[in-house]
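One structure is given here, and the rest of the page talks about it.
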Amino acid sequence: METAAFYHRPESEYCYIYAPGHVHVRLRTKKGDVAKVGFIKGDPFILHLNKWYEEELPMEKIASTDLHDYWMIDTDEYVKRMAYAFHIYGEDGSDVIYNDRGVYPYLKESLENSGLYFRLPYFHESDRFKAPEWVKETVWYQIFPERFSNGDKKNDPENVLEWDSRDVLTRTDFYGGDIQGIMDKLDYLQDLGINGLYLTPIFRAPSNHKYDTTDYYEVDPDFGDKALFRSFVEEAHKRGMRVMLDAVFNHIGAESTQWRDVAEYQEESRYKDWFFIKEHPVPSAEEIRNRPPETIEHVENLPYETYAYVPMMPKINTHNPEVQEYLLNIATYWIKEFDIDGWRLDVANEVDHAFWRKFNEACLAVKPDLYILGEIWTSSRSWLDGEQFHGVMNYSLVGNIIDYFVEKQIPTRKMANVLNEQLMQYRKQTQETMFNMLDSHDVPRILTMANGDIDLVKATLTFMFMMHGTPCIYYGTEVGMMGGADPQNRRCMVWDEEQQDRVMYDFTKELIAFRKEFQPLLSYGFLKWDIVLDEEKVVGVKRHIGDEALIAYFNQGEEDFTIEKDPNAKVVFGRRNTETETGSVLEPNGFSIHLVRQ
């Protein structure tokens with residue numbers, strides 16, 4: 001038995017309070033190396049009185065990857081403190097105890113020593129990771145305001161273009177989309193089934209994307225004003241829709257008051273410590289704009305730190321107490337004054353953890369069920385400790401789905417293994433509020449990635465909806481919009497129904513209704529793999545709670561595949577599937593979802 005592969009860490013994703021009365025404990029072992037695991041636990045203060053080490057509870061193998069198996073038990077201790085260890089039985093017939101000091105022979109001397117056990121010293125409810133319950137019931141819709149709908153031509157920018165008038169977009173195009181346009185389409189979104197609206201930045205900024213914010217307290221005049229935004233939030237709330245805004249606290253626009261002051265007064269500026277300035281002088285916004293066009297987006301060796309070498313986006317010093325106060329006041333202002341429901345935080349992983357803890361505390365003090373979402377593209381455990389974010393934009397998980405379904409880069413088993421590994425990185429309640437999307441303003445549209453194969457998009461989108469987390473539709477995906485990398489992925493929304501894919505719209509509406517109908521099972525159910533076939537390119541993913549389960553089968557092969565009929569199952573959703581007396585016949589890109597009640 002390979003004991004070097006054993007891994008456990010108390011008070012982490014390996015041991016945490018899931019809910020009152022439910023403590024989740026996990027263990028990692030080498031793949032295929034361990035036959036079973038017994039969980040030994042009890043009150044450390046009465047170990048010698050009742051010898052609780054003589055009893056074991058079985059742990060369940062819940063996931064496997066290329067390298068490891070993961071075991072779990074849902075347990076509790078009525079005294080709200082627990083000492084515990086693992087009795088691990090190898091496939092080779094050996095057995096050992098794994099505890100806080102390491103690996104020991106299974107001997108009475110080790111079992112009777114309370115100092116050797118892992119500890120969860122006390123079950124403090126305040127230490128439990130909590131996220132807003134409403135997020136789990138939400139299907140999001142991401143809107144890029146400048147490109148969604150032009151509802152008020154009076155606030156169009158001077159250089160506005162006719163709606164969707166260019167075949168190839170540039171980064172400086174303006175088409176006049178605004179908040180009134182979004183409000184005008186709330187009935188459309190409600191009909192689709194959307195109950196969460198994620199807006200990319202709406203604050204004053206010179207660009208069309210507004211990630212170069214210059215004034216966080218003002219709605220950009222091209223989008224409307226604060227009175228209009230307040231009405232928009234009220235109208236959304238009347239329809240049961242939540243509203244999440246996008247904030248950039250990693251950097252600020254070079255046209256901001258603060259950077260203009262630094263550019264004018266240099267070392268004498270009161271804002272010089274608001275930024276990471278290496279040496280003076282630093283350029284003004286006008287000097288940056290007068291550079292050759294090819295140096296506007298990427299310049300190295302600048303005398304100040306920026307976001308991704310973009311000169312117009314100087315990085316903010318969130319270590320500075322004045323900066324902290326400024327940003328936290330902004331965050332709470334939009335909650336207090338406009339009752340927003342969430343913050344999506346741009347480039348969140350480049351801002352220090354200490355600031356995000358203060359952000360979390362300040363925002364939740366105003367609105368305890370506010371959703372805090374970070375933009376992080378990689379593993380995010382450090383930000384999901386319960387004191388910073390409730391979730392991140394789950395590019396890691398969704399990227400592997402795209403690698404399998406769309407890019408055809410990995411076999412079926414590899415996808416299952418990688419998704420298992422990613423799920424094991426987080427507490428279960430963290431998984432439940434991750435933010436899942438196939439595309440966004442930062443990546444090509446899913447239909448373009450799929451080379452126009454709408455059936456493939458339907459299968460991929462449905463698989464994503466089967467995962468843990470809260471799903472998001474990028475505007476226009478529901479009507480078959482295409483678009484490559486930025487800025488082509490930010491095309492104007494297609495409103496002419498003759499140019500829309502109405503079959504895709506009806507499918508998306510049905511998928512959202514399916515998700516809402518089975519939301520508890522999809523939010524809280526455990527994930528297992530029913531079938532994983534590399535050669536046939538078929539996968540069956542199971543979400544289950546107790547005696548109820550949803551099993552979704554997907555055929556990514558080139559031949560029809562038949563799922564054997566289960567007398568306890570009923571098909572509740574599918575495409576390119578034919579139900580026969582013997583089972584479900586899945587065409588290529590076909591799928592069927594079966595509800596099973598034992």
Side-chain angles (χ1 to χ4, degrees), residues 5-31 34 37 39 41 59-77 82 84-86 88 98-100 117-131 135-136 348-349 353 356-357 360 372-374 376-398 400 416-436 467-470 523-528 543:
F6 296 172
Y7 187 76
H8 176 78
R9 192 171 75 252
E11 298 192 83
S12 71
E13 69 275 12
Y14 282 86
C15 181
Y16 57 92
I17 303 167
Y18 174 68
H22 296 272
V23 177
H24 288 182
V25 182
R26 296 173 181 167
L27 171 71
R28 191 194 74 188
T29 64
K30 182 180 177 181
K31 183 180 179 69
V34 170
V37 179
F39 186 67
K41 60 99 176 181
M59 298 188 74
E60 178 185 3
K61 184 160 66 174
I62 59 166
S64 294
T65 69
D66 294 340
L67 301 176
H68 300 114
D69 291 327
Y70 291 86
W71 308 77
M72 183 186 138
I73 188 169
D74 184 340
T75 186
D76 193 28
E77 193 66 36
M82 185 170 68
Y84 60 97
F86 307 96
I88 304 175
Y98 175 44
N99 58 33
D100 193 45
Y117 286 86
F118 291 110
R119 292 286 184 95
L120 196 55
Y122 199 82
F123 304 172
H124 291 285
E125 177 64 12
S126 59
D127 290 336
R128 180 168 67 89
F129 181 100
K130 304 179 189 69
V135 176
K136 304 168 191 177
N349 56 338
H353 294 284
W356 289 135
R357 291 188 179 97
N360 178 292
I372 304 176
L373 173 68
I376 301 178
W377 291 53
T378 55
S379 300
S380 307
R381 281 174 289 194
S382 299
W383 291 270
L384 296 171
D385 57 1
E387 297 179 346
Q388 298 175 69
F389 307 149
H390 298 121
V392 298
M393 299 188 76
N394 210 359
Y395 283 106
S396 291
L397 180 136
V398 175
N400 284 289
N417 286 342
V418 173
L419 291 182
N420 279 344
E421 184 174 4
Q422 290 173 337
L423 286 173
M424 292 299 101
Q425 290 180 2
Y426 307 114
R427 296 165 175 84
K428 188 172 183 296
Q429 62 262 52
T430 309
Q431 300 164 4
E432 293 164 2
T433 50
M434 296 290 267
F435 190 90
N436 300 334
M467 294 293 103
H468 292 88
T470 179
S523 291
Y524 304 110
F526 288 88
L527 184 148
K528 284 194 172 182
R543 303 297 309 280

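None of these values were measured; they are calculated from a predicted model.
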Exercise. Does some side-chain heavy atom of Y18 sit less than 4.5 Å from a side-chain heavy atom of R427?
Worked result: no
Problem set entry | Of W71, Y16, Y14, the residue whose pairing with H24 passes ring-ring contact (aromatic ring centres under 6.0 Å, His included) | Y16
Problem set entry | Residue pair T65, Y70: steps toward the side-chain contact (heavy atoms from CB on, under 4.5 Å) verdict | CA-CA 9 Å; T65 69; Y70 291 86; 3.8 Å; yes
Problem set entry | Side chain K130, main chain R128, donor-acceptor under 3.5 Å | yes
Problem set entry | Proximity of H8 and Y98 rings by center, below 6.0 Å | no
Seminar exercise, completed: The complete set of salt bridge (charged side-chain N to carboxylate O under 4.0 Å, His left out) pairs with one or both residues in residues 376-389, sequence neighbours excluded, reads E13-R381, R357-D385, R357-E387
Problem set entry | E77 and Y84, any side-chain heavy atoms less than 4.5 Å apart | no
Exercise. Given D66 and K31, is the side-chain contact (heavy atoms from CB on, under 4.5 Å) satisfied, shown in steps?
Worked result: CA-CA 7 Å; D66 294 340; K31 183 180 179 69; 5.7 Å; no
For this session: Test Y117 against D100 for side-chain contact (heavy atoms from CB on, under 4.5 Å), laying out the working first.
Result: CA-CA 5 Å; Y117 286 86; D100 193 45; 6.0 Å; no
Problem set entry | Residue pairs, two or more places apart or on separate chains, that pass salt bridge (charged side-chain N to carboxylate O under 4.0 Å, His left out) and touch residues 388-397 | none
Problem set entry | Expected output: side-chain N436 to main-chain H468 donor-acceptor under 3.5 Å | yes
Exercise. Donor-acceptor pair, Q388 side chain versus S382 backbone, under 3.5 Å?
Worked result: yes
Exercise. Got a sec, which residues hit ring-ring contact (aromatic ring centres under 6.0 Å, His included) with F129, two or more places apart in sequence or on another chain?
Worked result: none
For this session: Check whether any side-chain heavy atom of N394 lies under 4.5 Å from a side-chain heavy atom of F435, and answer yes or no.
Result: no
Exercise. How would you list, by chain and number, every residue that makes a side chain to side chain donor-acceptor pair (under 3.5 Å) with Y395, sequence neighbours excluded?
Worked result: S440
Seminar exercise, completed: Heavy-atom closest pair (P10 atom, C15 atom, distance to 0.1 Å) is CA-CB, 4.0 Å
Exercise. Is the side chain of S523 donor-acceptor paired with the backbone N or O of K136 at a distance under 3.5 Å, no angle test?
Worked result: yes
For this session: Heavy atoms only: give me the nearest R543-G525 pair and the separation to one decimal.
Result: NH2-O, 2.6 Å
For this session: Take T433 and L373 through the side-chain contact (heavy atoms from CB on, under 4.5 Å) test and state the conclusion after the steps.
Result: CA-CA 9 Å; T433 50; L373 173 68; over 6 Å; no
Problem set entry | Listed partners of K30 passing side chain to side chain donor-acceptor pair (under 3.5 Å), at least two apart | none
Exercise. Do Q425 and S379 meet the criterion of a side-chain donor-acceptor pair at a distance under 3.5 Å?
Worked result: yes
Exercise. Looking only at heavy atoms, which two atoms of M59 and V25 are closest? And how far apart?
Worked result: CE-O, 3.5 Å
Problem set entry | Expected output: side-chain R28 to main-chain Y7 donor-acceptor under 3.5 Å | no
Problem set entry | For E60, side chain to side chain donor-acceptor pair (under 3.5 Å) partners two or more places apart | K528
Exercise. Any side-chain heavy atom of H353 sitting closer than 4.5 Å to one from W383?
Worked result: yes
